[in-house]
Amino acid sequence: MRIVSGIQPTGNLHLGNYLGAIRNWVRMQDGLGEGDQCFFFLASLHAITVHNDPAQLRANIREMAAALIAAGVDPLRSTLFSQADVPAHAELCWLLNGTARIGWLNRMTQFKEKSGKNREGASVGLYAYPVLQAADVLLYQATHVPVGEDQKQHLELARDVATKFNTDFDVELFTLPEPIIPPAAARIMSLRDGTAKMSKSDPSDMSRINLTDDADLIVQKVRKAKTDPEPLPATAEELNGRPEARNLVGVYAALADESVDQVLARYAGQGFGAFKPALADLVAESLRPVKARLDELRNDPGELDRLLAVGAAKARDAAAPTLEAAYKVMGLRA
């Protein structure tokens, strides 16, 4: 099994990011068998499909790498790198642009959503980035790619590109990757509004728990999180219509690796005066080692750069045979 997955390099990571993609990556890595491999990359080339401040993008790449390692991604067991440090991604993308069809890209729903009413003003990169996504996974002969609901269409495109290339040139160069549907990640909402996702763009820092928050600040944020006056019910179904209560119980369940019903069985009939302190302690203890390692890495950018350079070198070595074979098959090299 060879798993390949990428994540956008965004700064100021919070609990929602941790319980979403990041923890799933760690679990995939920890579940590897002998001979299995994980390639995890920071999607730095995908990031430039919209305008970025260059200094901020560099900082975000480092920050995301630090967060991944702090959360448990082991650069010795997994290949962790920045996409831009492996030129083969961009090279194979260009080669596959000759195989991908305009009609396929026109059906991509995410471009329509991301460009909105400004379709004519969107970058070519934003339109064509599904081809880069195909290159990302085909380059490493990925057997499996973790996908959520919003990425299934893109994996199908990668499979279509691989099939057409193999057929057009009468080869079996590219492996057709299969999807991995990770366990449903907890959808973590704002501590100030249970109907809005936890987000780094929210102007209120009290709306989120950052991975850099210390224990005292976490306790303060949980204590001040918006709730309702009703006690906790006995079943998850009874949380319907109570978004803030549902969110806090969901956070507890995700961190404790329990179901919402299991959590409610323990706290049913109790008010938030009893539940919030227990939740605050759980969040603080869960994030304590992550914050400690994150602080170490943020204070040692040289070590972080070294780890990313090691990962990029491993990725370049792994990518080279597929890229060279593609050039030769297409008649571009002898």
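Residue numbers start at 1 and run along the sequence shown. In this text the structure is predicted, and so the values were computed from the model without any measurement.
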Backbone N or O of Lys314 within a donor-acceptor pair of the Thr79 side chain at under 3.5 Å? no
Identify, with sequence neighbours excluded, every residue that meets side-chain hydrogen bond (donor to acceptor under 3.5 Å, both in side chains) alongside Asp85. none
Counterpart residues, side-chain contact (heavy atoms from CB on, under 4.5 Å), relative to Ser78 (two or more places apart): Gln29, Cys38, Phe40, Val73
Scan residues 92-117 for pairs that pass ring pair (Phe, Tyr, Trp, His ring centres under 6.0 Å), counting only residues two or more places apart or in two chains. Phe111-Tyr127
Nearest heavy-atom approach of His14 to Ser199 is NE2-CA, 3.8 Å
Please check if the side chain of Thr163 supplies one atom and the backbone of Asp160 the other of a donor-acceptor pair under 3.5 Å. no
Just how far is it from atom CG of Asn12 to atom CG of Asp205, taken to the nearest 0.5 Å? 7.5 Å
Do the side chain of Ser190 and the main chain of Arg192 share a donor and acceptor less than 3.5 angstrom apart? yes
Under 3.5 Å donor-acceptor pairs involving side-chain atoms of residues 325-334, not counting sequence neighbours:
{"from": "Tyr327", "atom 1": "OH", "to": "Glu91", "atom 2": "OE1", "distance (Å)": "2.6"}
{"from": "Arg333", "atom 1": "NH1", "to": "Glu324", "atom 2": "OE1", "distance (Å)": "2.6"}

Should the pair Arg298-Glu63 be classified as a salt bridge under the 4.0 Å nitrogen-to-oxygen rule? yes
For Tyr267, give me all partners under ring-ring contact (aromatic ring centres under 6.0 Å, His included), at least two apart in sequence or on another chain. Tyr252, Phe275
Modelled atom types, side-chain donor and acceptor of Thr143 and Glu178, under 3.5 Å: no
Do any N or O atoms from the side chain of Arg242 and from the backbone of Glu230 form a donor-acceptor pair under 3.5 angstrom? yes
Check: Asn247 side chain, Leu191 main-chain N or O, donor-acceptor pair, under 3.5 Å: no
List the residues meeting ring-ring contact (aromatic ring centres under 6.0 Å, His included) with Tyr129, not counting sequence neighbours, and say none if there are none. His46, His154
So that I can tick it off, tell me whether Asp295 and Lys291 are bridged by a salt bridge, with the cut-off set at under 4.0 angstrom between side-chain N and carboxylate O. yes
When rounded to the nearest 0.5 angstrom, what distance separates CG in Asp193 from CD in Glu244? 6.0 Å
Could you check whether any side-chain N or O of Asn166 sits under 3.5 Å from a backbone N or O of Phe174, counting only pairs where one atom can act as donor and the other as acceptor? yes
Salt-bridge test for Asp30 and Arg77: reply yes if a basic N is under 4.0 Å from a carboxylate O, no otherwise. yes
Is the shortest distance from a Lys or Arg side-chain nitrogen in Lys221 or Asp213 to a carboxylate oxygen in the other one below 4.0 Å? yes
Between Gln56 and Asn52: side-chain donor-acceptor atoms closer than 3.5 Å: no
Set of residues satisfying side-chain contact (heavy atoms from CB on, under 4.5 Å) with respect to Thr10, sequence neighbours excluded: Gln8, Leu13, Met64, Lys200
The side-chain contact (heavy atoms from CB on, under 4.5 Å) partners of Glu285 (sequence neighbours excluded) come to Arg288
Which residues satisfy the side-chain contact (heavy atoms from CB on, under 4.5 Å) test with Asp257, sequence neighbours excluded? Arg23, Arg27
I'd like to check the salt bridge (Lys or Arg N to Asp or Glu O under 4.0 Å) partners of Arg246; sequence neighbours left out, ordered by chain and number. none
With respect to Leu80, which candidate in Asp74, Leu68, Leu307 satisfies the side-chain contact (heavy atoms from CB on, under 4.5 Å) definition? Leu68
By side-chain hydrogen bond (donor to acceptor under 3.5 Å, both in side chains) - contacts of Arg2 (at least two apart): Gln37
Sequence neighbours excluded, the answer for salt bridge (Lys or Arg N to Asp or Glu O under 4.0 Å) partners of Glu303 is Arg306
Modelled atom types, side-chain donor and acceptor of Ser82 and Ser44, under 3.5 Å: yes
Is any side-chain heavy atom of Leu287 closer than 4.5 Å to a side-chain heavy atom of Leu15? yes
